[in-house]
Amino acid sequence: MSDLPDELPSDPAELRVFAAALLDRCARLERLLKLAKEVQFGRSSEKLDADQLQLVLEDIEEAVAALEAAEDRANPRAREKRTAKRRANRGQLPEHLPRIVETLLPAATCCPCCKGDLVEIGHDESQRLDVVPVQYRVIVTRRPKLACRACHGVVLQRAAPERLIKGGLPTERLVAHVIDAKYHWHLPLYRQRRCWRRTHNIAIDRSTLAFWVGYAARELKPLWHRLRELLLASSKLCVDETPAPVLDPGRGRTKTGYFWALSRDDRPWAGPGPPGVVYAYAPGRGAVHGLRLLEGYRGIIHCDGYEAYKTMTRMTRADGLSGTLAFCWSHLRRQFVKIEREAAPAPAPVAREALERIAQLYAIEKALRGRSATERSAGRQTHARPLAAALKQWFEAKLGDLAQKSEKAKALRYALRHWDGLTLYLDDGRIEMDTNAVERAMRPIKLNAKNSLFAGCDEGAESWAVLASLIETCKLNGVSAEHWLSDVLAKLVNGWPAARLDELLPWASTYTMHAHDPRLAA
């Protein structure tokens with residue numbers, strides 16, 4: 001109601017027009033608000049991932065902005081109020097951004113009365129965020145040949161600098177830009193090629209861009225191996241896998257490959273190791289592929305209830321795992337969410353009570369987040385263990401009252417069958433309740449798969465895994481992936497020693513997310 005004018009029209013006809021416009025605005029805003037609530041809280045929210053939800057909310061917010069723009073043109077007073085509100089709520093622009101000061105002087109700088117000079121007694125200042133479009137430039141490297149006039153045959157010339165793509169066009173910085181656009185911002189190479197052609201009239205074939213990316217992936221693979229070694233040395237890892245379509249040339253269609261992920265994120269309990277994630281491509285999701293990735297791991301494996309993880313720990317072969325499985329509460333909770341959603345509008349009391357009891361465990365976990373492993377373990381023993389014990393008894397009691405083939409009974413049996421792994425976190429403050437960390441790490445893989453439709457071949461998917469691992473680890477550590485890639489590629493090309501690879505890992509980088517790359521200065 002703050003957008004109402006200070007004085008309402010006195011003429012009845014004008015007042016009716018004003019009231020009709022106000023009612024129309026209220027109706028449109030109510031429709032948008034209802035849609036926003038349904039998207040965020042309604043049944044369909046279980047069918048939308050976080051990125052799809054953001055897209056829908058963006059459309060709603062754009063519609064509200066368009067409505068306000070129309071009102072601003074029709075009502076100057078409302079526009080002035082909104083302008084003042086925008087100034088008050090827009091926040092501060094980051095200090096690291098360069099400032100270009102434009103001084104706007106009056107047309108006349110002398111006194112209109114006595115014609116004397118005017119002096120500045122103050123000023124008003126406003127800031128707006130601007131953009132300079134990406135600029136591509138050509139670096140011309142001249143290597144003069146120097147000869148001695150007195151000595152025959154003496155010619156000196158500096159050796160050509162090492163390049164990532166020998167005989168090719170790109171600098172390491174440009175290759176890093178292409179990789180970052182593809183795997184960080186999910187822009188496929190064919191779209192990048194179109195942007196270059198239409199915006200800058202630069203004609204680079206898509207296959208050439210692909211060659212640059214694949215060549216860089218091969219150069220960066222030792223860092224991927226080292227990152228994997230360091231993660232496998234951790235006491236706890238989250239593991240997950242997700243399908244990825246891969247072109248099968250022999251049949252002229254796609255086949256289903258899988259991206260596996262190892263994730264370490266000990267920030268919730270201030271653990272010693274920096275966060276990191278390693279992806280690996282495999283043609284399947286069986287235990288044999290997981291064993292190849294984990295390679296005799298002996299720590300805690302945080303995962304869902306997929307049977308392959310249990311098979312890996314039951315194997316007696318030399319490459320079997322002796323790690324302990326900690327299972328995920330989110331996967332259990334989703335089963336009850338699904339039951340409740342499919343039962344609606346009819347009530348689902350068993351599912352509803354299960355969700356409320358699990359929510360109590362999560363509330364305790366939220367209160368303990370950020371504390372040390374010892375404090376988290378003690379708090380869980382005091383507050384969460386009694387609730388977990390009561391929940392198990394309730395599961396057992398309810399299971400006897402349900403039809404054994406019902407979805408509710410299946411969910412209860414899943415919980416009881418995995419109970420030891422589900423409650424392992426109660427005794428160890430390093431373990432989380434769920435595998436959300438690794439599931440968040442899987443989102444970029446799914447986004448790239450959605451935008452690229454499929455990987456062109458198994459080898460291409462392996463390069464995808466290498467580059468995505470390094471970029472996501474950069475993001476987890478607040479490092480600018482593009483600047484880091486540019487710097488690391490240049491160092492590797494110039495013979496960086498293999499014994500010092502740890503110095504190149506993302507968490508050792510000084511290229512923080514908003515730091516300026518000094519090499520970009522003109």
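Small disclaimer: the values here were computed from a predicted structure and weren't measured. Atoms considered below: every heavy atom in the structure, side chains included; atoms not considered: hydrogens, waters and symmetry mates.
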Inset, instruction - Please say whether the positively charged group of Arg264, taken as NZ for Lys or CZ for Arg, lies over the ring of Trp507, i.e. under 6.0 angstrom from the six-membered ring centre and within 45 degrees of the axis. - result: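 Flagged: Arg264 positioned over aromatic ring of Trp507.
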Inset, instruction - Answer yes or no for Arg285 and Tyr306: cation-pi contact, defined as NZ/CZ to six-membered ring centre under 6.0 Å and angle to ring axis within 45°. - result: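 Yes, Arg285 and Tyr306 form such a contact.
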For the aromatic rings, using the six-membered ring if either is Trp, is the centroid distance between [X] and [Y] under 6.0 Å?
{"X": "Phe259", "Y": "Trp464", "answer": "yes"}
{"X": "Tyr136", "Y": "Trp196", "answer": "yes"}
{"X": "Tyr414", "Y": "His418", "answer": "yes"}

Inset, instruction - Under the side-chain contact (heavy atoms from CB on, under 4.5 Å) rule, collect the residues that match up with Thr208, sequence neighbours excluded. - result: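 Partners of Thr208 under the side-chain contact (heavy atoms from CB on, under 4.5 Å) test: Ile204, Asp205, Trp212.
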Beyond-backbone contact of [X] with [Y], side-chain heavy atoms, under 4.5 angstrom:
{"X": "His302", "Y": "Val239", "value": "no"}
{"X": "Ile471", "Y": "Leu485", "value": "yes"}
{"X": "Arg206", "Y": "Leu189", "value": "yes"}
{"X": "Leu467", "Y": "Trp224", "value": "no"}
{"X": "Cys303", "Y": "Phe327", "value": "yes"}
{"X": "Arg380", "Y": "Arg385", "value": "no"}
{"X": "Leu391", "Y": "Leu361", "value": "yes"}
{"X": "Thr435", "Y": "Ser330", "value": "no"}

Do the side chains of [X] and [Y] get close enough for a salt bridge, i.e. N-O under 4.0 angstrom?
{"X": "Glu295", "Y": "Arg228", "result": "yes"}
{"X": "Glu365", "Y": "Arg376", "result": "yes"}
{"X": "Asp266", "Y": "Arg430", "result": "no"}
{"X": "Arg334", "Y": "Glu439", "result": "yes"}

If we ignore hydrogens and angles and just use 3.5 Å, is the side chain of [X] paired with the main-chain N or O of [Y] as donor and acceptor?
{"X": "Thr171", "Y": "Leu174", "result": "yes"}
{"X": "Arg99", "Y": "Leu97", "result": "yes"}
{"X": "Gln381", "Y": "Leu426", "result": "yes"}
{"X": "Asn477", "Y": "Thr473", "result": "yes"}

Inset, instruction - Can you establish whether the number of heavy atoms outside Lys166 located under 6.0 Å from its atom NZ is more than 12? - result: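 Yes, because the 6.0 Å sphere around NZ of Lys166 holds more than 12 heavy atoms from other groups.
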Inset, instruction - Going by the side chain to side chain donor-acceptor pair (under 3.5 Å) test, name the single residue among Trp329, Tyr425, Tyr362 that passes it with Asp434. - result: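 Answer to the side chain to side chain donor-acceptor pair (under 3.5 Å) test with Asp434 among Trp329, Tyr425, Tyr362: Tyr362.
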Legend entry - Minimum-distance pair of heavy atoms, taken over all atoms of Arg197 and Ala203: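 Looking at all heavy atoms of both residues, the closest pair is NH1-CB, 3.6 Å.
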Legend entry - Glu462-Tyr279 side chain donor-acceptor pair, cut-off 3.5 Å: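 There is no such pair (donor and acceptor under 3.5 Å, judged by atom type) between the side chains of Glu462 and Tyr279.
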Inset, instruction - Verify the distance criterion only: is there a donor paired with an acceptor across the side chains of Asp180 and Trp185 at less than 3.5 Å? - result: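 There is such a pair (donor and acceptor under 3.5 Å, judged by atom type) between the side chains of Asp180 and Trp185.
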Inset, instruction - Name all pairs fulfilling the salt bridge (charged side-chain N to carboxylate O under 4.0 Å, His left out) condition that reach into residues 488-501, sequence neighbours left out, sorted by first residue then second. - result: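 Every salt bridge (charged side-chain N to carboxylate O under 4.0 Å, His left out) pair that includes a residue of residues 488-501, provided the two are not neighbours, is Asp487-Lys491, Arg500-Glu503.
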